[in-house]
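Structure record follows, encoded as structure tokens.
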Amino acid sequence: MLDALLSMDPLTVVLGILSVLFLLKLMHVSDNGPPGPTGYPLVGNFPLLMSGNRPKLFDQLRRKYGDVFSLQLGSRRMVVINGYEALKEAFVKQADVFSERPPADYISIRSSNCKGIVRSSGEFWKNTRTFSMRALREFGFGKRSLETNILEEVSVFLEVIGKSNGDAFSLGTIAQISVSNIICSISFGETYTHDDQNFKKLMMMIDNHVKLLSKAAISIVLPSGQIPYRYIPGDVTGVEAMGTNYGNIKRFLQEQIDKHRASFQKENVRDLIDAFILEEMTRGKTDYLEDENLAIVLSNLFVAGTETTSTTIKWAILYLISNPHVQTKLRNEINDVIGLSRAPSMTDKPAMTYMDAFMHETFRMGNLVPFSLLHGVKKDVTFKGYTIRREDLVVPNLDSGLFDESLFEDPRTFNPDRFIGEDGKLNGKEHTVLAFSLGRRVCFGESLARMEVFLFLTSLLQRFKLLPEDDDSLPSLEPIAGVVNHPQQFRFKAIKVN
Ligand code: HEM
């Protein structure tokens, strides 16, 4: 190919390149798509997107092109929606159109087959999400037994932290393991000891899935459907490896479903799997009430719920050691409301305004999923005067809402007090923190995540004072960017106060 290009007349090459550029530009103009920078032939703006700090890049593009701009990524167009107002306008006011996922691509076919909650669309998604939410409310979320399960994991977490004996250490994977085990209790009705072989196997497969998915994500720029992949030798994008690993996860979860079917009693619904089986018995098998969909819903909960919540706990610890005055205020509140002799409970939360404000500021500044998950539109639509097509990839730029200067004064400074009014109560600004996204696709596990973060942090501060490893050099607050924003590795000291 390169030889052929080199042997061409230079004028032909230049003309060829110019025509592709022209065509790319024309694609923006011809359908009145959102404006955006001119890209290279074939790859479009892909090199620009991969060139470094994405929040900064999107911020620059927003200043130049406005709240809705687009990038051409190979054959796909990405439309980025920015700022609190435009995000609300699209994902809440026009939720009917903006609550889809993009059309199927080979990654989603090879993994979840566009089933489950995260990657499905339309009626199938609505039915699966509505039913799963109802089942979880009945058998998990909001139940006292769930709080007991979380507190059991909290006590293992605190035990591990206590073993550091006040020496500096890094949190490692303990928060991930605890949070996953809580999802086990909701899904399978049982928790595992942290060294259980089956549990370890599941954790490893899920960890691999996140890594393989990040690698394979690049192939989203190829046209939708699977045709192009059949002709790419050697699995260069890693999609096949991801598909094989995901198959193993599904098989593991199917084994749990089979065990549940064998011991199912309709008078004793134990967990989410039983709730599905009961619904299936009542309604009969439907497209969404079948085992593959159930296995994918379960894997969605593990994948979407583990990294996000455990990383939030890490960000919170980082903000606590960087802001000792905040930590003192929190500990005073804990002493006043709970004291030292009993474990925290969700019933304490309404009386703990400062903890609530601290959690909101952590969700805001932690900026866990800066660009949410990719959305799509139900049909071609005109938004803010521009055409967005069904096949476009739509990005809710949550980062731009979380640091929106029109909402948050001095948005890059960590300040829980911004959420507290003169009367000492929350001032309503907390509702504008879009860390869990917005509209109909808002995070499915939001209430569970809030419960976990509250119980883990309150218990941690009740028992320990957290200090940096070195007073003279605080760990960096710059995130390692990814689908989930991680803090850089840091060590801290936990000194027993109780
Ligand atoms: C602090 C923790 C968490 C954060 C910041 C977070 C954030 C998000 C975000 C930004 C989305 C994308 C929404 C969209 O498409 O616009 C999402 C979706 C989702 N989250 Fe979470 N999440 C967290 C914890 C959890 C937990 C604990 C679970 C479940 C156990 C969970 C399950 C899901 C699912 C299933 C979806 C897909 C929803 C859908 O497509 O309808 N998340 N989350």
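Counting convention: from 1, in listed order, for ligands and their atoms alike.
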*Using side-chain hydrogen bond (donor to acceptor under 3.5 Å, both in side chains) as the criterion, point out the one residue from Glu190, Glu153, Glu152 that pairs with Asn181.*
Glu153
*Purely on distance, is any nitrogen or oxygen of Thr312 under 3.5 Å from one on ligand 1?*
no
*Quick one: which ligand 1 atoms are inside 4.0 Å of a heavy atom on Ala435?*
5 (C), 7 (C), 10 (C)
*Is any side-chain heavy atom of Leu158 closer than 4.5 Å to a side-chain heavy atom of Phe464?*
yes
_Is the contact between Phe91 and ligand 1 made by the side chain, the backbone, both, or neither, using heavy atoms and a 4.0 Å cut-off?_
neither
*Where the closest heavy atom to atom 37 (C) of ligand 1 is concerned, which of Val118, Leu368, Val453, Val484 has it?*
Val118
*Would you mind reporting whether Thr312 and Leu368 have side-chain heavy atoms less than 4.5 Å apart?*
yes
*Closest candidate by heavy atom, reference atom 43 (N) of ligand 1, pool Gly445, Cys443, Ser120, Ser180*: Cys443
*asked:* Given Ala449, Gly305, Ser447, identify the one with the heavy atom nearest to atom 26 (C) of ligand 1.
replied: Gly305
*Note: Arg119-Asp105 ion pair, threshold 4.0 Å (strictly below)*: yes
*Considering the heavy atoms of His375, write down every atom of ligand 1 situated less than 4.0 Å from one of them.*
14 (C), 15 (O), 16 (O)
*Would you call Glu89 and Phe383 a side-chain contact if the rule is heavy atoms closer than 4.5 Å?*
yes
*Tell me which part of Ala304 gets within contact of ligand 1: side chain, backbone, both or neither, using heavy atoms under 4.0 Å.*
both
*asked:* For Ile117, which part has a heavy atom under 4.0 Å from ligand 1: side chain, backbone, both, or neither?
replied: both
*Pull out every atom of ligand 1 sitting under 4.0 Å from any heavy atom of Thr309, numbered as shown with elements.*
2 (C), 24 (C), 27 (C)
*Mind checking whether Ser178 and Val154 have side chains closer than 4.5 Å, heavy atoms only?*
no
*Should the proximity of Arg440 to ligand 1, defined as any heavy atom under 4.0 Å, be assigned to the side chain, the backbone, both, or neither?*
neither
*Atom CD of Gln488: over 12 foreign heavy atoms under 6.0 Å*: yes
*Near Leu373, which atoms of ligand 1 are under 4.0 Å from a heavy atom of that residue?*
12 (C), 15 (O)
*Is it the side chain, the backbone, both or neither of Glu446 that has a heavy atom closer than 4.0 Å to ligand 1?*
neither
Show me the donor-acceptor pairs, under 3.5 Å and distance only, between side chains in residues 369-379 and residues at least two apart or in other chains.
residue	atom	partner	partner atom	Å
Ser372	OG	Ser437	OG	3.4
His375	ND1	Phe98	O	2.8

_Atoms of ligand 1 close to Arg129 [distance to a heavy atom under 4.0 angstrom, numbered from 1]_ = 38 (C), 39 (C), 41 (O)
*Which ligand 1 atoms does Ser372 reach within 4.0 Å, using its non-hydrogen atoms?*
10 (C), 12 (C), 13 (C), 14 (C), 15 (O), 16 (O)
*Aromatic rings Phe131 and Phe276: how do their planes relate, parallel, tilted or perpendicular, breaks at 30° and 60°?*
perpendicular
*If you measure every N/O of Ser437 against every N/O of ligand 1, is any gap under 3.5 Å?*
yes
*Hey, does Phe302 sit under 4.0 Å from ligand 1 if you only count heavy atoms?*
no
*Please indicate whether any nitrogen or oxygen in Arg101 is less than 3.5 Å from any nitrogen or oxygen in ligand 1.*
yes
*Is the cationic atom of Arg412 (NZ for Lys, CZ for Arg) positioned less than 6.0 Å from the six-membered ring centroid of Phe403 and within 45 degrees of its normal?*
yes
*In terms of ring plane angle, is the pair Phe492 and Phe490 parallel, tilted or perpendicular, where the classes change at 30° and 60°?*
tilted
